[in-house]
Amino acid sequence: MTVTAIVGANWGDEGKGKMTDVLSAKSSYVVRYQGGSNAGHTIINNYGKFALHMLPSGVFYPNVMNVIGPGVALDVDAFTKEREELLERGVPEPRLCVSDRAQIVLPIHRLLDELEEERLGARSFGSTKRGIAPFYMDKYAKLGIQVSDLYDKQRLLLRLEQSLEAKNVLLENLYGREPIQPESLLAELLEQGEKLRPFVCDTTTMLHNAYVNGESILLEGQLGALRDPDHGIYPYSTSSSTLAGFAPVGAGLPPYAIEKVMAVVKSYSSCVGTGPFVSELDGIEADELRRLGGDAGEFGATTGRPRRVGWFDVVATRYGCMIQGATEVALTNLDVLGYLDTIPVCVGYELQDGTITADFPVSAKLDKAKPILQQQKGWKCDISKARSFDELPIAAQQYVAFIESAINVPIKYVSVGPRREQLIGI
């Protein structure tokens, strides 16, 4: 058995939740290792349709231990609400374990996120207002609250006092708000600690033991490579690393543990939020692709915002697979393109100075870049009932082969619909 990281090669929204859900059937552990409730993974199964924001995507399998790793921005309210919703909809009690080293998203983090987006106005970065950036600011300023702090009242109060000193200066002098007293947060956090208590454990030791024993572990990434703060479209990025290289850190495993990196790639491009998006469509073309895309149109699982859509971007995807260290690719939503006679694909960028490049440039050069499009033959039919690669039309097979050759990573799975059974192994 292996340790596999499932990550996105683009801007997020590639279909990672579905792939984790499918592969969880043969896994012992599914681990969230970064990010928080600021992105959602949509899963459709026999229980219905679900958008998971905080829980790992293995929660529908009773054999799987679902782990919130130390690298996660833990929103306790979102965690509790999602678990309760699963139970209300008939899903058996999932096995859940939360790292005692994970840090907590506080109400002040969400408040500051909202206030800053309001202050920036048209200059905003498209935050989901879930408190993620302020959370990570605290984490790396050593002002964060760990899960373990919730069980020591005096320590928790001290940590809150230290955290709120500078924030209250901002609240009063930048945002014109009343300061927040540490004691006003104390009772709520202590209550959250009690709700979490049944799930808290030393996940690092648990996962090390599982790894040594050869048990199968899936590491579930959030968002995609192009949202990484170091290698993505900064500053239109998220606040934690979205790369497989961070997965062992955020999960608590040794760096050599990962044997497979599955990069999930959509058959066209989509994106929630702001930032450069070279192959983006607008007008009627965008509306049609957005309406037909996803499982019920292209809308953000967390925000509900219409996703920006575009043609498949070879430049961005090849780069995303490269920095993810992808060993294999899952190509999703192939069925969506069945309405097209010909399928445009972005194979290069024309930069502002007239330079043509097939390499993904830095953000400063992306804003004015224009896509260089190449046409691929469409198949003009419904492929959602295909259950093997050979059942796909020749044009669809050729489209998959073209993408595989262009990104230089083997495609191991092709999805022709949102359900588990609509995944084809190659």
Side-chain angles (χ1 to χ4, degrees), residues 32 34-40 52-56 66-88 93-94 96-118 127-172 174-201 203 239-240 302-303:
R32 280 285 308 273
Q34 50 86 221
S37 62
N38 55 318
L52 300 178
H53 307 278
M54 196 74 257
L55 298 182
N66 295 274
V67 179
I68 301 290
V72 172
L74 176 60
D75 186 320
V76 180
D77 290 338
F79 174 92
T80 303
K81 181 181 178 182
E82 283 186 25
R83 174 181 166 273
E84 290 173 350
E85 287 178 350
L86 292 182
L87 299 179
E88 288 171 1
E93 177 74 64
L96 293 165
C97 197
V98 176
S99 172
D100 51 8
R101 296 178 184 273
Q103 294 190 23
I104 304 294
V105 177
L106 301 175
I108 183 66
H109 294 145
R110 289 187 287 269
L111 175 61
L112 288 173
D113 204 355
E114 292 173 7
L115 293 174
E116 182 63 4
E117 283 291 289
E118 291 173 9
S127 169
T128 58
K129 301 179 184 178
R130 298 299 177 95
I132 303 303
F135 165 89
Y136 280 105
M137 289 171 65
D138 268 7
K139 180 172 184 174
Y140 293 112
K142 297 175 282 293
L143 295 172
I145 306 293
Q146 288 188 318
V147 167
S148 57
D149 295 332
L150 302 179
Y151 306 106
D152 185 331
K153 185 176 180 179
Q154 291 306 117
R155 177 181 171 84
L156 178 58
L157 183 59
L158 176 61
R159 298 296 296 160
L160 285 172
E161 289 171 350
Q162 293 171 330
S163 178
L164 288 171
E165 283 178 3
K167 293 181 183 61
N168 280 333
V169 174
L170 284 176
L171 284 175
E172 291 185 89
L174 181 61
Y175 301 118
R177 295 296 187 99
E178 290 295 316
I180 294 175
Q181 300 306 315
E183 292 79 6
S184 68
L185 297 178
L186 190 62
E188 179 183 349
L189 291 177
L190 291 172
E191 182 181 349
Q192 287 185 347
E194 291 310 308
K195 290 180 180 178
L196 280 179
R197 191 182 289 274
F199 311 108
V200 176
C201 67
T203 62
S239 302
S240 62
T302 294
T303 62

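Keep in mind that what you see is a predicted model, and the values were worked out from it rather than measured. Computed from heavy atoms alone, side chains included, the values below leave out hydrogens, waters and symmetry copies.
- Side chain of Y175 to backbone of L170: no donor-acceptor contact under 3.5 angstrom is found.
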Handout entry: Criterion side-chain contact (heavy atoms from CB on, under 4.5 Å) on L111 and R177, from CA distance to verdict
Key = CA-CA 11 Å; L111 175 61; R177 295 296 187 99; 4.1 Å; yes

Problem - Worked verdict on V98 versus F79 for side-chain contact (heavy atoms from CB on, under 4.5 Å) - result: CA-CA 10 Å; V98 176; F79 174 92; 3.8 Å; yes

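- Taking CG of L106 as the start and NE2 of H109 as the end, the distance is 4.5 Å to the nearest 0.5 Å.
- Taking D152 as the reference, Q154, R155 meet the side chain to side chain contact (heavy atoms under 4.5 Å, CB included) condition, with sequence neighbours excluded.
- For the atom pair CD of Q192 and CG of L74, the computed distance is 8.5 Å after rounding to the nearest 0.5 Å.
- Listed here is the closest heavy atom pair of G71 and Y136: O-OH, 3.3 Å.
- Partners of D100 under the salt bridge (Lys or Arg N to Asp or Glu O under 4.0 Å) rule, at least two apart in sequence or in another chain, do not exist in this structure.
- Atom-to-atom distance recorded for L171:CG and L164:CG is 8.5 Å, nearest 0.5 angstrom.
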Side-chain donor/acceptor pairs under 3.5 Å, residues 180-187, sequence neighbours excluded:
unit_1 : atom_1 : unit_2 : atom_2 : d
S184   : OG     : Q181   : O      : 2.6

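- Taking 4.0 Å as the cut-off between side-chain N and carboxylate O, R197 and E194 count as a salt-bridged pair.
- For the atom pair CD (E191) and NZ (K195), the distance works out to 4.5 Å, reported to the nearest 0.5 Å.
- Under the side chain to side chain donor-acceptor pair (under 3.5 Å) criterion, the residue pairs touching residues 158-167 are D138-S163, D138-K167, R159-Q162, S163-K167, with sequence neighbours excluded.
- For the atom pair K139 NZ and S240 OG, the distance stands at 8.0 Å (nearest 0.5 Å).
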Exercise for the section: Decide side-chain contact (heavy atoms from CB on, under 4.5 Å) for L150 and V200; before the verdict, give the C-alpha distance in whole Å, the side-chain angles of both, and the deciding distance to 0.1 Å. Expected result: CA-CA 11 Å; L150 302 179; V200 176; over 6 Å; no

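- Counting only heavy atoms from C-beta outward, the side chains of L157 and K153 never approach each other to under 4.5 Å.
- The two residues V72 and A102 come nearest to each other via the heavy atoms O-CB, 4.3 Å.
- Here the closest non-hydrogen pair linking P56 and V67 is CG-O, 3.6 Å.
- Within 6.0 Å of the NZ atom in K81, the count of heavy atoms belonging to other residues, nucleotides or ligands does not exceed 12.
- Scored by the side chain to side chain contact (heavy atoms under 4.5 Å, CB included) test, E172 finds P179 as partners (sequence neighbours excluded).
- Here the straight-line distance linking atom CG of D149 with atom CG of L189 works out to 10.0 Å at 0.5 Å rounding.
- Here the side chains of V105 and P134 are not in contact, with every heavy-atom distance at 4.5 Å or above.
- Residues passing the salt bridge (Lys or Arg N to Asp or Glu O under 4.0 Å) test with R101, sequence neighbours excluded: none.
- The two atoms that bring S99 and G69 nearest to each other are CB-C, 3.8 Å, heavy atoms only.
- For the side chain to side chain contact (heavy atoms under 4.5 Å, CB included) with Y151, the lone residue among L190, L196, L156 that qualifies is L196.
- Checking each of M54, E82, R110 against S37 for a side chain to side chain contact (heavy atoms under 4.5 Å, CB included) leaves exactly one that passes, namely M54.
- Contact between T203 and P70 at its shortest, heavy atoms only, is OG1-CD, 4.0 Å.
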